[in-house]
There are 2 protein chains.
Amino acid sequence: MIRRIPQARDRGIPDATVARLPLYLRALNGMAERGTATVSSEDLALAAGVNSAKLRKDLSHLGSYGTRGVGYDVQYLIYQISRELGLTQDWAVAIVGVGNLGRALANYGGFASRGFRIAGLLDADPHVVGDRIAGLVVEHADELESVIKKRGVSIVVLATPATAAQQVCDRVIAAGVTSILNFAPVVLAVPDGVDVRKVDLSIELQILAFHEQRKANGGPIMAEEWPDGVVM
Amino acid sequence: MIRRIPQARDRGIPDATVARLPLYLRALNGMAERGTATVSSEDLALAAGVNSAKLRKDLSHLGSYGTRGVGYDVQYLIYQISRELGLTQDWAVAIVGVGNLGRALANYGGFASRGFRIAGLLDADPHVVGDRIAGLVVEHADELESVIKKRGVSIVVLATPATAAQQVCDRVIAAGVTSILNFAPVVLAVPDGVDVRKVDLSIELQILAFHEQRKANGGPIMAEEWPDGVVM
DNA sequence: TCGACTTTGTGCATAGCTTCACAAAGGCAC
DNA sequence: GTGCCTTTGTGAAGCTATGCACAAAGTCGA
């Protein structure tokens, strides 16, 4: 039974807000690079593609970091959001499954730039073990537990085939990992206290197809374009 | 101003429901492969990792396809969900940007199996153009408009660098595409009527880091483990 | 045919998220 | 100072999603 204790500065940030903070952070970094010193909620909201009231409410969960009449100090806000997200520390990430997707992830620059360090690449296929990818040598999946413990891995990325995902998942949890990013198209069963986030390419396409079909067959349409009385 | 017109069988399916339908579909396909003929909402909900009341409410938006006392016919439900999602037709997909991620996507089996046919691979880099990947020859990005029109592409996957994404996005929209799956870490500006879904690997990791940090520093914790009176 | 049992479909209460609208707070010119 | 202007932070209202709980509807055995 997990129960939150309200604290002095309540850390109960809504999930929806947490999911947007990285977006704000990215927009702020762009502004910092262009030399912008302060930004209003209106402008930042525009850059992040959200409503400005929502942005202000999101930021208000972190504290009161703005200045009325002026806006937010870009550098200061970057620091506060980074701290809140835990990006001021270094996270060791292991990628399990070095197929096409695993390789793409290993080479993806967006990780390293945010405090995520790839600390291990593992695969069960002996033909892949030993390959050097993005500066790391692929290790055998048998080494999973030892890699996690020796290198302090706290986040595991699953890029294995669907059939292997649950088994690998069980092993990394047994090894003490409680944060998993799952690319395999399966619903993982995990105990309480373990966070799983899922990225499913096929599901995203299916959602797009739904809306695309709807656009084609008079779904949500311009009311003006619908011939009067044609309702079937 | 877009306004929905309620229809005889109201097609106003909530977004949250649409996002879960592919999940149900996957679970149902697994059951069909194992020869299951009917399934109760309880069992299907378990397989899909959702609450059974939610599952029933989701399915009730499609119609009344269950039999009280028995459950749902697996094959029939597969058909109904597929039809609703638009998977009974063939969708031509083009992937723009054939870097590591683009290659992984091109080789990803999950697309073809659901009515998504990769109809084009494009890249701006002359060293990549001409490569054969997953049975297709990479074409130059200059051919974008012609590929979209000649092959009836209706969904475009953006796997370009962030800097090129908006420009490519503008071009595919000008060519008539209204559904985009964006892997580039930018907020795309698009006109009304265009659907963009975003997959952002770095954001997912940041969300995990937030929760991981919270687990480490007395965030949501076991109430029992918190020393009495220590509230700062 | 009947009654016990199973499971759906949904009304309702609740929780969470979004958006509006505005008072409070601060900067700046004079 | 003083007053005007800008922008934040947030109360309140409305909307969407969730989950309980149960009546309605169907199956199945006797």
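Order of the sequence lines fixes the chain letters, A, B, ..., with proteins taken first and strands second; residue numbering starts at 1 for each chain.
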Could you give all pairs that pass the salt bridge (Lys or Arg N to Asp or Glu O under 4.0 Å) test and reach [range], with sequence neighbours left out?
{"range": "residues 172-189 of chain B", "value": "none"}
{"range": "residues 65-79 of chain A", "value": "none"}
{"range": "residues 19-32 of chain A", "value": "A/R20-A/D58, A/R26-B/D200"}

Query raised in the report: When you check every protein heavy atom under 4.0 Å of nucleotides 24-30 of chain C, what one-letter string (B, S, -) results, 5' to 3'?
Result: BBSS---
**Report entry** Sequence-distant partners of A/Y76, ring pair (Phe, Tyr, Trp, His ring centres under 6.0 Å), two or more places apart
**Finding:**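 If we apply the ring pair (Phe, Tyr, Trp, His ring centres under 6.0 Å) test to A/Y76, skipping adjacent residues, the hits are A/Y65.
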Query - ring pair (Phe, Tyr, Trp, His ring centres under 6.0 Å) against B/Y24, all qualifying residues, sequence neighbours excluded - result: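 So B/Y24 forms no ring pair (Phe, Tyr, Trp, His ring centres under 6.0 Å) with any residue.
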Report task. Could I get the full list of side chain to side chain contact (heavy atoms under 4.5 Å, CB included) partners for B/A119, not counting sequence neighbours? Result -> B/A92, B/R117, B/R151, B/V153
**Report entry** Evaluation steps, side-chain contact (heavy atoms from CB on, under 4.5 Å), between A/L44 and A/L77
**Finding:** CA-CA 11 Å; A/L44 182 52; A/L77 199 51; 4.1 Å; yes
Requested in this report: Check DNA chain D against residues 14-27 of chain A and give the residues with a non-hydrogen atom under 4.0 Å, in numerical order.
Outcome: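 Within residues 14-27 of chain A, no residue comes under 4.0 Å of DNA chain D.
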Query raised in the report: Quick one, which residues of residues 43-59 of chain B touch DNA chain D with a heavy atom under 4.0 Å?
Result: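 Output list: B/N51, B/A53, B/K54, B/R56, B/K57.
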Contact under 4.0 Å: [X] side-chain N or O vs [N] OP1/OP2:
{"X": "A/S40", "N": "D/dT7", "answer": "no"}
{"X": "B/S41", "N": "C/dT7", "answer": "no"}
{"X": "A/Y72", "N": "D/dG9", "answer": "yes"}

Output side-chain donor-acceptor pairs under 3.5 Å for residues 162-175 of chain A, partner residues at least two apart or in another chain, one line each.
residue	atom	partner	partner atom	Å
A/Q166	OE1	A/A189	N	2.9
A/Q166	NE2	A/D170	OD1	2.8
A/Q166	NE2	A/A189	O	3.1
A/R171	NE	A/E145	OE2	2.8
A/R171	NH2	A/A141	O	2.9
A/R171	NH2	A/E145	OE1	2.9

Query raised in the report: Got a sec, which pairs hit side-chain hydrogen bond (donor to acceptor under 3.5 Å, both in side chains) with one end in residues 27-41 of chain A, sequence neighbours left out?
Result: A/S41-A/R56
Requested in this report: List in chain and number order the residues that pass salt bridge (charged side-chain N to carboxylate O under 4.0 Å, His left out) with B/K57, two or more places apart in sequence or in another chain; answer none if no residue qualifies.
Outcome: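 B/K57: no salt bridge (charged side-chain N to carboxylate O under 4.0 Å, His left out) contacts found.
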Requested in this report: Measure from CD on A/E42 to C1' on D/dG9 and round the result to the nearest Å.
Outcome: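 Checked: the CD to C1' distance equals 15 Å.
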